[in-house]
Each structure stands twice: as structure tokens, then as C-alpha cells.
Amino acid sequence: MRVEAAESVGMNADRLKRIGRCMQAYVDRGIYAGVSTLIARRGKIVHAESFGWRDKEAKTPMTADTIFRLYSMTKPIVCTALMTLLEEGRVHLVDPVAAYLPAFGRVKVLGPEGVLVDPVRPIFVADLMAHTSGLTYHFLEDSPVSTLYERAKLLDPKVTLKDAIDDLAEFPLAFQPGSRWHYSVGIDVAARVIEVIAGKPLAVVLSERLFEPLGMVDTAFEIPAKKRARLAAMYGRPDFARPESKMSAAFEVWKQGVNERLDVSATYPVDAPETFVRGGHGLFSTIGDYLRFAEMLANGGELDGTRIIGRKTLALMPANRVPPALLPLEIGGLPLLGYGFGLGSRVAMDVALTGAPGSVGEFGWSGAAKTHYWVDPQEQMVGLFMTQSMQSFDLPELDLRALAYQAIDD
């Protein structure tokens, strides 16, 4: 991975060195076993470093080719693939999901006092990507539906995406479509919509439309045996993908300082591509591969002469879809101040409230094991933070943002 002169893109090399000291401190304090960070501007990498261990117990150092479980950083990739189908006239954002998955035409909403009621309107395709569908997650605790999800087949990696989404359609919605922003399994449903429209498995669609043309050679729903030694070990709090996991409990365990090595192979296997394919999590990738995807987004949908998605389609994706009455966004009681949400990504609307320097229009997302990326179209900047720390409530991504923006020198 070639690092260019920072000054060639209006950044200060000496000030960028502060990133290394900050990230090494996270390793030295035992918060993370290992970390990889990357900053690019105007298409040139100006910072790329790895710190600590890929596997602390084995004393295997973190390297640029380390493979990470992406968890929810799978979501922006899946949403981008769906939007390429929109560009072909094969789907509309305002289409009812039931047009592709008829079982969702029979879904009910769990109303007050446990009474099932009809939805006031259909779930639209856009709702799935914008988290306004009425769906939820099993680890959230603000609806009885979350508890029902503990027995959802979506949590079982031995169940195919088709069967998991067919099962999900049997559960009631947690709230009326469009009435709340609520983080959810909506993008898992969107992934199944992709399969129905394309007539192909999700993994094939992602490979043909994104991974192959972008040269993302280490990104997939599996890791070939010859590459598995490059997989980073998992640390942190209890596995959020287990049915009994709750976000509030994880927060309490984190406050107590629990930080253990974890085995997440039962919920996020490296070798089950026939069934373990999801839209909300499931991909493996490297920091270099994800940079290829993020740089394509930063460059208006094109990279190295290959156009993946149209510039105007791409501009629509991070545009805020959440009305002021439904802000601020929050996940499990933790607010995302200053942000709205588009189609698969948060978007900065009030930089002062976000907690770090940035720009209006900056967008990106994170994963449950503390992976994080952002794209800033105004500054033509991409930032990436990668580690494997389950349900970490520390905020190194804010440090990385502050340290990246303070190095701008033009």
C-alpha cells in the first residue's frame, strides 16, 4: 500500500504523525489488541499504519493485509448494489417490498397492549435502507418485537437468506412504517430483494457489480483456507449476534472493563458461504479493499476508469431522509447527534453536534466489532479505522477524525 507525500494533497506530514501516537496508546492501554488506520485525500493515501497485534496471544502483528469481520459495514456495500439495480430500471425506492417479497404484504404491526394492527402504509424499498421500515434488532430493547426476534432464523448462519427472510416476514413490525427511525434488519431484507430482482445469489451480485470491478480481492462472505491465517482475532464483550445478547448489558460489561478474547465462529463463520450470506453483516474484508469501495464513493461512483454507479444516483444515497421530528438518531438509547440518515449511511448535518471536526455531507458507517469509515466529499477525504473489538463504546473514530482534519494544510 503506497503512501504518498501528504503535502501533494494539501496535508501536513508532521501533523499526521499524531495519528500513530494516539492509536498506539489505545494498544498500550489494552483497549484494543491491534488497530489499522488509513487516511486518503484526493485519491492519494497519506497515512496507512498498523499497531499492535492481529492475534495478541500468538504474537502475530497487525498488518495491512489483515482480514476483518465487517459486521454492519456490510450494509453500505449491499445498499450500493441495490442502487445499481435502480439505475437499470428494475426497482423503485417507492415500490412496496411486498412487490418482491409477497409475505411482507401480510405483515402486521404490534400495537399498544400487544394488539396486532394493520400497517398504515406499506414498507417501501427505501425504508429498508433508511431504517424506517418498522423492523428492529434482537439486541435492542425498546419493543417487545425485539424479544420475539431472539428466535428469528436470521440469527442462525446455517439458514439461507431466503429462508431467514421468509421467517422474518412472520414477525410483526415494532412500529408503523415511516413513523420512526429505528436501526434494524431492514438491509437484510433489502439483500433478499436484490436476489429476487437479479435472479442471482447476493454473493454473486456483489462480486459481479462491486468486488471484481473494484479489485476487492479479499472481500467475501467467506475466507478461503489459504487466507485464514490473516484473520484478526476477536476481543471485547459478549457476541452481539447471539440471540440473548442485549445492548444495555454489553454497555454495563464495557463499563466494568471487561475485554476478553472471543470465539465468534458460531455466529460469523469463515466457511459457510452456502448459507451465511446476509445484508446487514457477514462480509470479511481488509482495510485496503474497503478503501477501494470508499474511494469509489468519494470519487462520484467511479474508480480507476471503471464506473460502478452514476454520480447522481450516488449523491442520492447519503441524502438525509429522516424528518426533523424523528431526530436525533439513536441506537439503544445512545444518540448520534448531528447526523441524519440516507440509504445505508449516516450523513453529517450539523458538524458542531457530531463531536469532532468534519464537513456537512460527510457520510459513512461502522460495525459491531469497531470498524469505521467515512467519506467527506467536500474535503475529498476518506478515513478508515479497523480493529476487532466486540461492542466497544470507546470512541477512537472521533480521535482519528480529529487527527485527520487537523492535518489539512490548505
query = Among side-chain atoms of R278 and T74, is any donor-acceptor pair under 3.5 angstrom?
reply = no
message = Within the 4.5 Å heavy-atom criterion, are M381 and I408 side-chain neighbours or not?
response = yes
message = Closer than 3.5 angstrom, by distance alone: can the side chain of Q388 be matched with the main-chain N or O of R69 as a donor-acceptor pair?
response = yes
Test item: side-chain donor near acceptor, T37 and E49, under 3.5 Å = no
ask   = Do D218 and K227 sit within salt-bridge range, that is, some charged N less than 4.0 Å from a carboxylate O?
value = yes
request  = Could you please spell out the steps behind the side-chain contact (heavy atoms from CB on, under 4.5 Å) verdict for V253 and Q391?
outcome  = CA-CA 10 Å; V253 170; Q391 302 197 83; over 6 Å; no
query = Where do A169 and A103 come nearest, in terms of heavy atoms and distance?
reply = CB-CB, 3.6 Å
inquiry  = Among F284, Y290, F211, which residue satisfies the side chain to side chain contact (heavy atoms under 4.5 Å, CB included) criterion with T219?
reply    = F211
query = Is a donor on one side and an acceptor on the other found under 3.5 Å between the side chain of S146 and the backbone of Y137?
reply = yes
Any donor-acceptor N/O pair, R237 side chain to A249 backbone, under 3.5 Å = no
ask   = Backbone N or O of V360 within a donor-acceptor pair of the Q378 side chain at under 3.5 Å?
value = yes
key: Carboxylate-amine/guanidinium contact D394 R29, below 4.0 Å   = no
inquiry  = Closer than 3.5 angstrom, by distance alone: can the side chain of R180 be matched with the main-chain N or O of F175 as a donor-acceptor pair?
reply    = no
inquiry  = Would Y268 and Y71 count as a ring-ring contact (aromatic ring centres under 6.0 Å, His included) here? Give the steps.
reply    = CA-CA 9 Å; Y268 208 120; Y71 287 93; 4.5 Å; yes
ask   = Is any side-chain N of the basic residue among R292 and D289 closer than 4.0 Å to the acidic one's carboxylate O?
value = no
Ring-face cation of R242 near F240 (centre distance under 6.0 Å, axis angle within 45°) = no
key: Whether E7 side chain and A13 backbone form a donor-acceptor pair below 3.5 Å   = yes
Side chain to side chain, M129 and M83, heavy atoms closer than 4.5 Å = yes
ask   = Any chance NZ of K312 has more than 12 other-residue heavy atoms, nucleotides or ligands included, within less than 6.0 Å?
value = no
key: Pair K162 + D166, salt bridge at N-O below 4.0 Å   = yes
inquiry  = Quick check against the 3.5 Å criterion: does R41 have a side-chain atom that pairs as donor or acceptor with the backbone of G10?
reply    = yes
key: side-chain contact (heavy atoms from CB on, under 4.5 Å) between M247 and L334, intermediate numbers included   = CA-CA 10 Å; M247 189 168 170; L334 299 178; 3.6 Å; yes
From CD (E295) to CD (Q380), nearest 0.5 Å = 10.0 Å
ask   = Does any donor atom in the side chain of Y405 or D376 lie under 3.5 Å from an acceptor atom in the other side chain?
value = yes
query = Should the heavy atoms of other residues, nucleotides or ligands under 6.0 Å from NZ of K56 be counted, would the total exceed 12?
reply = no
message = Do E379 and S359 pair up side chain to side chain, a donor and an acceptor below 3.5 Å, judged on atom types alone?
response = no
query = Thinking salt bridges, do R209 and E87 make one under a 4.0 Å N-O criterion?
reply = no
task = Could you tell me whether the side chain of M1 reaches within less than 4.5 Å of the side chain of L38, counting heavy atoms only?
result = yes
remark   = Which of K75, R346, H372, E397 passes side chain to side chain donor-acceptor pair (under 3.5 Å) with S366? It is H372
key: Contact check, side chains of L154 and I165, non-hydrogen atoms, under 4.5 Å   = yes
ask   = Any side-chain heavy atom of P269 within less than 4.5 Å of one from T275?
value = no
request  = Please round to the nearest 0.5 Å and tell me the distance separating atom OG1 of T267 and atom CG of L262.
outcome  = 9.5 Å
key: Distance, nearest 0.5 Å, that separates CG of L173 from OG of S143   = 9.5 Å
query = Can you check whether M296 reaches I309 side chain to side chain, under 4.5 Å on heavy atoms?
reply = yes
ask   = Taking all atoms of both residues into account, what is the closest heavy-atom pair of L297 and F363, and its distance?
value = CD1-CE1, 3.9 Å
message = Could you report the tightest heavy-atom contact between P357 and A402, atom names first, then the distance?
response = CD-CA, 3.8 Å
task = Check whether any side-chain N or O of K246 sits under 3.5 Å from a backbone N or O of H138 as a donor-acceptor pair, and report yes or no.
result = yes
note = Heavy-atom nearest pair, A64 first then I287, reads O-CG2, 3.7 Å
query = What distance do R54 atom CZ and M62 atom CE have between them, rounded to the nearest 0.5 Å?
reply = 8.0 Å
Whether D188 side chain and G280 backbone form a donor-acceptor pair below 3.5 Å = yes
request  = Would you mind reporting whether Y100 and R192 have side-chain heavy atoms less than 4.5 Å apart?
outcome  = no
task = First locate atom CG of L214, then atom CG of L291, and finally report the distance between them rounded to the nearest 0.5 Å.
result = 10.5 Å
inquiry  = Ring centres under 6.0 Å, that's the criterion: do W365 and F341 meet it?
reply    = yes
request  = Please lay out, stage by stage, how Y149 and L155 fare under the test side-chain contact (heavy atoms from CB on, under 4.5 Å).
outcome  = CA-CA 9 Å; Y149 276 23; L155 296 173; 5.8 Å; no
query = Do the side chain of R321 and the main chain of D127 share a donor and acceptor less than 3.5 angstrom apart?
reply = no
message = Heavy-atom count check: over 12 atoms from other residues, nucleotides or ligands less than 6.0 Å from R311 CZ?
response = no
query = Salt bridge between D163 and K158, side-chain N to carboxylate O under 4.0 Å?
reply = no
query = Going by heavy atoms in the side chains, are V78 and T80 under 4.5 Å from each other?
reply = no
request  = Identify the two heavy atoms, one from A126 and one from L343, that lie closest to each other, and give their separation to 0.1 Å.
outcome  = O-CD2, 3.9 Å
query = Does the side chain of R401 come under 3.5 Å of the side chain of T354 through a donor N or O and an acceptor N or O?
reply = yes
note = When rounded to the nearest 0.5 Å, the distance separating CD1 of I39 from CG of L384 is 7.5 Å
inquiry  = Between L329 and H131, does the side-chain contact (heavy atoms from CB on, under 4.5 Å) criterion hold? Intermediate values first, please.
reply    = CA-CA 10 Å; L329 309 180; H131 298 301; over 6 Å; no
query = Do T66 and T63 have side-chain N/O donor and acceptor atoms under 3.5 Å apart?
reply = yes
Least distance between heavy atoms, Y32 atom then S392 atom = OH-OG, 2.8 Å
request  = Identify which one of T387, I31, D55 satisfies the side chain to side chain contact (heavy atoms under 4.5 Å, CB included) criterion when paired with Y235.
outcome  = D55
